[in-house]
Amino acid sequence: MVNNTVSVMALKVYNTMSGTKETFTPLQEGQVKMYACGVTVYDHCHIGHARSGIVFDTVYRYLMSKDYDVTYVKNFTDIDDKIIRRSQQEKIPWQEVGRKYIESFYEDMDALNITRATYEPKATDHIDDMIGVVNTLLEKGHAYIVEGDVYFSVESYKGYGQLSKRTLEEMMAGARIDVDEKKKNPLDFVLWKASKEGEPSWETPFGSGRPGWHIECSAMSTRYLGNPFDIHGGGKDLVFPHHENERAQTEAATGKIFVNYWIHNGFVNIDREKMSKSIGNTLAIKTFLKEYHPEVLRLFFLTTHYRSPVDYSEKSIEDADSVLHRLYYTRDRALETQKGKVISPARHADTDELERKFYEAMDDDFNTALALSYVYELSKNLNKMIDDKDASALGLIAYANDTLNNLSGTLGLLKDNLASLEGRERIHHLNRIGLDISFVENAIAERVEARKNKNYQRSDEIRNMLLEKGIALLDTPKGTEWRIKHSTT
RNA sequence: GGCGGCAUCGCCAAGUGGUAAGGCAACGGUCUGCAAAACCGUUAUUCUCCGGUUCAAAUCCGGAUGCCGCCUCCA
């Protein structure tokens, strides 16, 4: 009801292929087909995966809010070198590795309230599709077999390098690729690997083996979305070689355009350093969620444009945490004004204007940072109206609050409630410092008693004692409440 | 070595030709026994530096400096 006019506005997206923002025009009116590269399931997900997940979840949610019928595919790579290595390390079957980390993936992504895709296929369920693509490439002369490995010939496909914007010559000049004598061109990549002893393998017309990495996304995206389809996304690092290769394979095999819009998200750094396993500074989603509400991470990521790198730091997370609390608090205040009354929302021009700007920002290549600033402004307006205590404004407040919920919801925020937000933080914090809730409750009770007797010295002692443990007391009209005070930087 | 990106208040961050959004922090106020929380208000004549184009530039062009990414598995 609120946004029936917004879908008319044109969405612009930055297309990695052209290097510019383009007006988004789906192949079929009213429908969008998108594919985002999922994860290789050999370990728990870290906050970099969370960023990708949240970015494409935002795209997905936004497209749906514009009334597109979206078919969204996100894959699992459940057969690959790392998984095989992991299965040897953990001494469990490789299938078990996949199952284990897919489960872990869902735990994390569900906790982060990332909407599940329409289809979430596993590579191993689509081996036949991959064999089909490889076969076609062999038949069309785009691939060749050496010692059981099937390679894609990059020289046979004229568009190679267009996505990552470099030419074959430039890449050769880079010369960091080990020259493999078996390959016709050092840049040729493997479509199908002859499997070694003890490794999983599948029988194919071109010998037994297992798929290379890139072929699975080509096969699965084509299977579920056809060719071409509208949007293909993933982390920036996937542009080369993964997406370049996917594109080459698919276009060579089908003779059709593979994808119309390529969208890539920037990376997460930690304290200005690249997050990587070798540096040992990866932060697992599970670790993060022990301390903060999932929406804190979402809000934090949405504060920066999806294409820019984002630097994770305790300070930035604390900032996001404060803002999130405030938004929830505002909504609670607004709800409070409606308690026990029947109020019909009254349309409000100021609110409508902010909503319009919100959608305008989102339409401009998903500018969530700008869009959020309008949410904050809306929250500020709401507080002003509430402070005015003008009974005739109740309808306007209700309307603004509905809008706040709508817009936040479009970004995947304010899906929880204040009590839950604070409750889970309290539990986590108490666990971390090893205190029982009764300790806090007793201390508060003692302080209430002291205050009643105007023994403010004792009262302040107790307050300070708790504060040192990261527990801040709030004397409200309803009584003494407490919340977690994170580091005071 | 090749290719690409970025540089905006103490911190985070939007803004791609029309005269600097927003958040955090800080400060002032309301509230409070005092606080905290919450709310309100204030806070960049200026966008790394140098030169150029233009009536007009953070925004375009050239150069310098610094930081980062990709070129190898990676979201």
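Side chains included, hydrogens not; waters and symmetry mates left out as well; all remaining heavy atoms used. To find a chain, count down the sequence lines: A is the first, B the second, and so on, and within it residues start at 1.
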Heavy atoms from C-beta onward define the side chain here; which of [options] lies closest to that of [X]?
X	options	result
A/K315	B/rA75, B/rC24, B/rA38	B/rC24
A/E170	B/rA14, B/rC3, B/rG22	B/rC3
A/Y376	B/rG23, B/rC12, B/rG33	B/rG23
A/V323	B/rC24, B/rC73, B/rG15	B/rC24
A/R272	B/rC67, B/rA75, B/rC73	B/rC67
A/D319	B/rC24, B/rG41, B/rA14	B/rC24
A/R333	B/rA75, B/rA13, B/rA38	B/rA38
A/R451	B/rG23, B/rC34, B/rA14	B/rC34
A/R326	B/rA75, B/rC12, B/rC39	B/rC39
A/K380	B/rA38, B/rG23, B/rG22	B/rG23

Determine the interatomic distance between [atom1] on [N] and the same-named atom on [M]; round to the nearest Å.
N	M	atom1	value
B/rC47	B/rA14	C1'	13 Å
B/rU48	B/rU42	P	26 Å
B/rG22	B/rC39	P	16 Å
B/rC50	B/rU46	P	13 Å
B/rU19	B/rA58	P	11 Å
B/rC40	B/rA44	C1'	22 Å
B/rA20	B/rU65	P	32 Å

Open item on the list: Parallel, tilted or perpendicular: which one describes the rings of A/F229 and A/F258, with boundaries at 30° and 60°?
Closed with: perpendicular

Open item on the list: Parallel, tilted or perpendicular, judged at 30° and 60°: which one describes the rings of A/H264 and A/H243?
Closed with: tilted

Tell me if the side-chain of [X] makes a donor-acceptor pair with the base of [N], cut-off 3.5 Å, by modelled atom types.
X	N	answer
A/D475	B/rC34	yes
A/R166	B/rG4	no
A/D460	B/rG33	yes
A/R463	B/rA35	yes

Using a heavy-atom cut-off of under 4.0 Å over every strand shown, decide if [X] touches base, sugar-phosphate, or nothing.
X	value
A/L238	sugar-phosphate
A/S459	base
A/G19	nothing
A/N265	base
A/R458	nothing
A/M385	nothing
A/G48	base

Task: A/E425 side chain vs A/E422 backbone, donor-acceptor pair below 3.5 Å - done: no

Task: Worked check of side-chain contact (heavy atoms from CB on, under 4.5 Å) between A/K100 and A/E103 - done: CA-CA 5 Å; A/K100 177 175 167 182; A/E103 194 182 314; 5.9 Å; no

Near-ring test [Y]/[X], centroid separation under 6.0 angstrom:
X	Y	result
A/F358	A/Y374	no
A/Y292	A/F288	yes
A/F105	A/F76	yes
A/F24	A/Y261	yes
A/Y35	A/H232	yes

Task: First encountered from the 5' end of RNA chain B, between A/S276 and A/S164 - done: A/S164

Open item on the list: Both A/V268 and A/E273 contact RNA chain B. Which one's nearest nucleotide lies toward the 5' end?
Closed with: A/E273

What's the [atom1]-[atom2] distance between [X] and [N], to the nearest Å?
X	N	atom1	atom2	result
A/L473	B/rA36	CG	P	13 Å
A/N245	B/rC71	CG	C1'	13 Å
A/D332	B/rC39	CG	P	12 Å
A/I484	B/rA36	CD1	C1'	14 Å
A/N383	B/rG22	CG	C1'	16 Å
A/D43	B/rA75	CG	P	10 Å
A/N381	B/rA38	CG	C1'	17 Å
A/Y14	B/rG4	OH	P	12 Å

Open item on the list: Are B/rA75 and A/F267 stacked, with the base six-membered ring and the side-chain ring centres under 5.5 Å apart and planes under 30°?
Closed with: yes

TODO: Could you grab the distance from atom CD1 of A/I317 to atom CD1 of A/I47, nearest 0.5 Å is fine?
DONE: 7.0 Å

Task: From CD1 (A/I102) to CE (A/M109), nearest 0.5 Å - done: 12.5 Å

Pair partner, [N] [Watson-Crick or wobble, under 3.5 Å]:
N	result
B/rG33	none
B/rC49	B/rG63
B/rU16	none
B/rC3	B/rG69
B/rC24	B/rG10

Presence of [X] side-chain N/O under 4.0 Å of [N] phosphate oxygens OP1/OP2:
X	N	answer
A/N367	B/rG15	yes
A/K236	B/rC6	no
A/K357	B/rA21	no

Open item on the list: Between A/Y101 and A/R86, is there a side-chain donor-acceptor contact under 3.5 Å, judged purely by atom types and distance?
Closed with: yes

TODO: Identify, residue by residue, the members of residues 302-310 of chain A with a heavy atom below 4.0 Å from RNA chain B, and return them in order of residue number, or none.
DONE: A/T303, A/T304, A/H305

